[in-house]
Asker: 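Just passing along the structure, written as structure tokens.
Numbering of ligands and ligand atoms starts at 1, following listing order. Keep in mind that this is a model prediction, so the values were computed, not measured.
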Amino acid sequence: MGSHCESSVKIPPIKFTKLFINGNFVDSISGKTFDTIDPRTGEVITKVSLGDKEDVDLAVNAARHAFDYGPWPRMSGSERGRMMMKLADLIEENVEEIAALDAVNGGKLFTLCKAIDIPGAARTLRYYAGAADKIHGTVLKMSKGLQGYTLREPIGVVGSIIPWNFPTTMFFMKAAPALAAGCTLVVKPAEQTPLSALYYAHLAKLAGIPDGVLNVVNGFGETAGAAISAHMDIDKVTFTGSTEVGRKIMAAAAASNLKPVSLELGGKSPLLIFDDADIDQAADIAFRGMFYNKGEICVASSRVYVQEGIYEKLVKKLVEKAKATVVGDPFDPQVNQGPQTDKKQFEKILSYIEHGKREGATLLTGGKHVGQKGYYIEPTIFTDVNEDMIITKEEIFGPVMSLMKFKTMEEAIKRANNTTYGLASGIITKNLNVANTVSRSIRAGVVWINCYTAFDVDCPYGGYKMSGFGRDFGLDALNQYLQIKSVVTPIHDSPW
Ligand code: TXE
């Protein structure tokens, strides 16, 4: 395990720390702020305005007004698309600064934020910008002397409640299709990572997106988040986060105005590696699948099933990779794994590791925190585990892999499906028939064959079972921000 390196990149001054409502940065009504923390040290980066229910009300009023009377839903799709393209350009122009915000706020590797997350946001905006002028209904040749057509209209004011593991990706995964559809939004970033969201609000204004269309309210889940899910004037909520909070959001939506919700909740995703796999490639895929973004990724391949013929060799390779991982400052280009996002997650992960040891699993490598300060944890691999153990059942959301051995494809499918979750899965094999059979048998929203975490904006992604419902990315996501209106008219004396 590598050392805890020191930072070499200068953190830019933090420019935006207030709430963004109706096109302006404003203090919260209470005037209260909260500390946003640097997970490298546990120290305060800056204070950010603390939004509560009253601030959510203001933001919803602005979004409502912008939707009911403003130009955004009424302008042509190509005009909306043009502003979204402009926003994408502005993001790219500021990539260094935004990447530094996500790295210092979320403990994410600076180089990856710069190369993947932030350019990915621009790409997501452009994808949906291109779709904005292609939203149309169908003409219905009806029976009984009727003729009809459908309109696909924006659903209205969208509440977006997002987590901290991919602050940028999550922001645009929800906002880009909603904006393209003509919706207006109130976004609540996670309390751990508000900084890049505020930067995006600033850029949206520069791009010409009208006031009130995109509002950002920082705050905690039980207050600002709960106010969004229970709001009578929000027409849809999109959420990514824990299963527990997903339940609360759905209940609040049902108890208020029955707004539709889409939920992307956690996972405990299986990766099945068959005997015919190339061992080096399989080890790369499995390791990256689990330890990417320090295991704080909802699709993490946290249950790795290896066929018995290659099990010993693969275990050895994975342990070597874990030991070679440099854990340290996410700004250092030599570092492979930064700190966990916050103290709560850090403690939760360490307690799962202790639990695993108590349950009788064998700790092959890792298991300890790294350094004297900050939230660093060694890449950790357990073996001698089974599906009844807590560490194999529950989402740990940190750098902890469970490795298991299987004999037959049928056994692997059964064990892979032995989970309440169904977000993602993977298969590594050269046998096309095995790949096809397994991909049809696994109950999960994504199946990656001979790859893992292979995301792209044009590929829809979301959960089966308790991993939630609804899809982010792809044109399917756009549909979640649209509703269909049927228009019907009699047609008289037509011979057809
Ligand atoms: O999630 P929360 P937490 C999982 C992961 C992690 C666990 C807990 O296993 O260890 O959840 O993380 C807002 N009404 N995932 O506690 O609380 C909150 O402010 C409305 C998986 O951080 O679900 C934040 O903006 N909103 C996951 C967002 O919900 C509420 C990503 C997510 O926080 C709320 C993150 C409430 N009552 C965690 N309470 C994934 N699927 O990628 C909280 N929030």
Asker: Would you check the N or O atoms of Glu395, main chain and side chain alike, for any that come under 3.5 Å of an N or O of ligand 1?
Answerer: yes
Asker: More than 12 foreign heavy atoms under 6.0 Å from CE of Met389: is that the case here?
Answerer: yes
Asker: Of all the atoms in ligand 1, which lie at a distance below 4.0 Å from a heavy atom belonging to Gly225?
Answerer: 14 (N), 20 (C), 26 (N)
Asker: Please compare Ile396, Ile161, Ile349 and report which has the shortest non-hydrogen distance to atom 13 (C) of ligand 1.
Answerer: Ile161
Asker: Between CG of Leu185 and CG of Asn215, what distance do you get to the nearest 0.5 Å?
Answerer: 8.0 Å
Asker: Show the atoms of ligand 1 that are less than 4.0 angstrom away from any heavy atom in Lys348.
Answerer: 5 (C), 6 (C), 7 (C), 9 (O), 10 (O)
Asker: So between Cys298, Gly468, Gly398, whose heavy atom ends up nearest atom 40 (C) of ligand 1?
Answerer: Cys298
Asker: Can you list everything that forms a ring pair (Phe, Tyr, Trp, His ring centres under 6.0 Å) with Phe67? Sequence neighbours excluded, please.
Answerer: none
Asker: Please work out whether the ring planes of Trp448 and Phe455 are parallel, tilted or perpendicular, with thresholds of 30° and 60°.
Answerer: perpendicular
Asker: Give a yes/no on ligand 1: does Lys344 have at least one heavy atom closer than 4.0 angstrom to it?
Answerer: yes
Asker: Go through ligand 1 atom by atom and flag the ones less than 4.0 Å from a non-hydrogen atom of Asn165.
Answerer: 31 (C), 42 (O)
Asker: Looking at side-chain heavy atoms only, is the closest gap between Arg303 and Thr392 below 4.5 Å?
Answerer: yes
Asker: What class does the angle between the rings of Tyr461 and Phe473 fall in, given that below 30° is parallel, 30 to 60° is tilted and above 60° is perpendicular?
Answerer: tilted
Asker: Heavy-atom pairs closer than 4.0 Å: do any link ligand 1 to the side chain of Ile162, the backbone, both, or neither?
Answerer: backbone
Asker: Judged by non-hydrogen atoms, does Phe166 sit under 4.0 Å from ligand 1?
Answerer: no
Asker: Are the side chains of Phe291 and Lys321 in touch, meaning some heavy atoms are under 4.5 Å apart?
Answerer: no
Asker: Can you give me every donor-acceptor pair (side chain of residues 103-121, partner residue at least two apart or in another chain, under 3.5 Å) with its distance?
Answerer:
from, atom 1, to, atom 2, distance (Å)
Asn105, OD1, Leu195, N, 3.3
Asn105, ND2, Thr36, OG1, 3.0
Asn105, ND2, Gln192, O, 2.9
Lys108, NZ, Asp117, OD2, 3.2
Lys108, NZ, Asn165, O, 2.9
Lys108, NZ, Asn293, OD1, 3.0
Lys114, NZ, Glu96, OE2, 2.6

Asker: Between the main-chain N or O of Ser160 and the side-chain N or O of Lys236, is there a donor-acceptor pair closer than 3.5 Å?
Answerer: no
Asker: Among Gly241, Gly221, Ala226, Gly267, which one has a heavy atom closest to atom 30 (C) of ligand 1?
Answerer: Gly221
Asker: Go through ligand 1 atom by atom and flag the ones less than 4.0 Å from a non-hydrogen atom of Lys248.
Answerer: 37 (N)
Asker: Can you sort out which atoms of ligand 1 are near Gln345, meaning under 4.0 Å from one of its heavy atoms?
Answerer: 6 (C), 8 (C), 10 (O), 12 (O)
Asker: What residue and atom, counting heavy atoms only, is the protein's closest point to atom 35 (C) of ligand 1, and at what distance?
Answerer: Pro163 CB, 3.5 Å
Asker: What I want to know is whether Ser242 and ligand 1 share at least one N or O pair that is separated by under 3.5 angstrom.
Answerer: yes
